[in-house]
Amino acid sequence: MSDQNQIQPPTNAAGPDLPKLVEQFLENQRQELALRQQQLELNKTHLEKSAEYAHEALKAEFSDRDKERAHQLKILQSVQRFIGVLILAVLIFLFIVFRIDKEAAA
């Protein structure tokens, strides 16, 4: 009876397959970590390329807007010159008309 009252260690139902399962689990974990590392590297590369693209796009937009401002300035200057010449022509015309009118009145 004393043998029946002794606590017996639990029997391992898996038997010799337990070390294989642990090894397989650890191998799966290693593979998952490697895949996760690759995914992080890909994400990092993607972010770097996105940042480069955004930077280049901003530079191109800045250049385009700078060229557009220069073009608008040229147009504005041309319009101002045209208006100036037109005003000068009207003033000369009026001066001539008043001079002729003054001479005709005299």
Side-chain angles (χ1 to χ4, degrees):
M1 289 249 336
S2 67
D3 286 336
Q4 290 177 350
N5 289 339
Q6 288 182 353
I7 299 176
Q8 304 225 349
T11 58
N12 190 353
D17 290 338
L18 184 62
K20 288 181 184 178
L21 289 175
V22 170
E23 280 298 317
Q24 183 64 42
F25 176 76
L26 292 175
E27 183 61 29
N28 288 344
Q29 290 295 317
R30 277 188 223 107
Q31 289 175 357
E32 285 181 27
L33 287 174
L35 288 173
R36 180 72 176 145
Q37 183 66 28
Q38 289 176 352
Q39 183 66 35
L40 289 174
E41 288 296 323
L42 286 173
N43 288 346
K44 180 181 173 187
T45 303
H46 176 70
L47 287 174
E48 288 172 354
K49 295 297 179 185
S50 294
E52 288 175 19
Y53 176 79
H55 181 68
E56 292 298 320
L58 284 175
K59 281 178 26 180
E61 185 177 345
F62 176 76
S63 175
D64 286 346
R65 288 197 176 177
D66 193 38
K67 289 176 184 177
E68 186 178 335
R69 281 191 294 271
H71 179 67
Q72 292 295 330
L73 181 62
K74 281 185 178 182
I75 290 173
L76 181 63
Q77 289 173 343
S78 296
V79 168
Q80 287 174 342
R81 285 186 194 126
F82 176 73
I83 291 173
V85 168
L86 188 61
I87 290 173
L88 184 62
V90 168
L91 288 176
I92 290 173
F93 176 74
L94 290 176
F95 177 74
I96 292 173
V97 167
F98 285 130
R99 189 153 182 99
I100 292 174
D101 189 38
K102 195 176 196 182
E103 288 176 3

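We number each residue from 1, following the sequence as shown.
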Is the CZ atom of R69 crowded by more than 12 outside heavy atoms at less than 6.0 Å?
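Atom CZ in R69 is crowded, with more than 12 foreign heavy atoms closer than 6.0 Å.
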Above 12 or not: heavy atoms from other molecules or residues under 6.0 Å from CZ of R65?
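For R65, atom CZ is not crowded (no more than 12 foreign heavy atoms under 6.0 Å).
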Taking the side chain as C-beta and beyond, is there a heavy-atom pair between [X] and [Y] under 4.5 Å?
X: F62; Y: L58; value: no
X: N28; Y: Q24; value: yes
X: D64; Y: E68; value: no
X: L73; Y: Q77; value: yes

Dump the intermediate steps for side-chain contact (heavy atoms from CB on, under 4.5 Å) on L35 and Q39, then the final yes or no.
CA-CA 6 Å; L35 288 173; Q39 183 66 35; over 6 Å; no
Salt bridge check: are E32 and R36 linked by an N-O gap of less than 4.0 Å?
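Salt bridge: no.
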Below 4.0 angstrom, N of the basic side chain to O of the carboxylate: do K59 and E56 qualify?
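So K59 pairs with E56 through a salt bridge.
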Measuring from [X]:[atom1] to [Y]:[atom2], what's the distance to the nearest 0.5 Å?
X: E52; Y: K49; atom1: CD; atom2: NZ; value: 4.5 Å
X: D17; Y: E23; atom1: CG; atom2: CD; value: 13.5 Å
X: E41; Y: N43; atom1: CD; atom2: CG; value: 9.5 Å
X: L21; Y: L26; atom1: CG; atom2: CG; value: 11.0 Å
X: Q31; Y: E27; atom1: CD; atom2: CD; value: 5.0 Å
X: L40; Y: L33; atom1: CG; atom2: CG; value: 10.5 Å

Would a single hydrophobic cluster contain both [Y] and [X], if residues Ile, Leu, Val, Met, Phe, Trp and Tyr are joined by side-chain heavy-atom contacts under 4.5 Å?
X: I83; Y: I92; answer: no
X: V90; Y: F98; answer: yes
X: F25; Y: V22; answer: yes

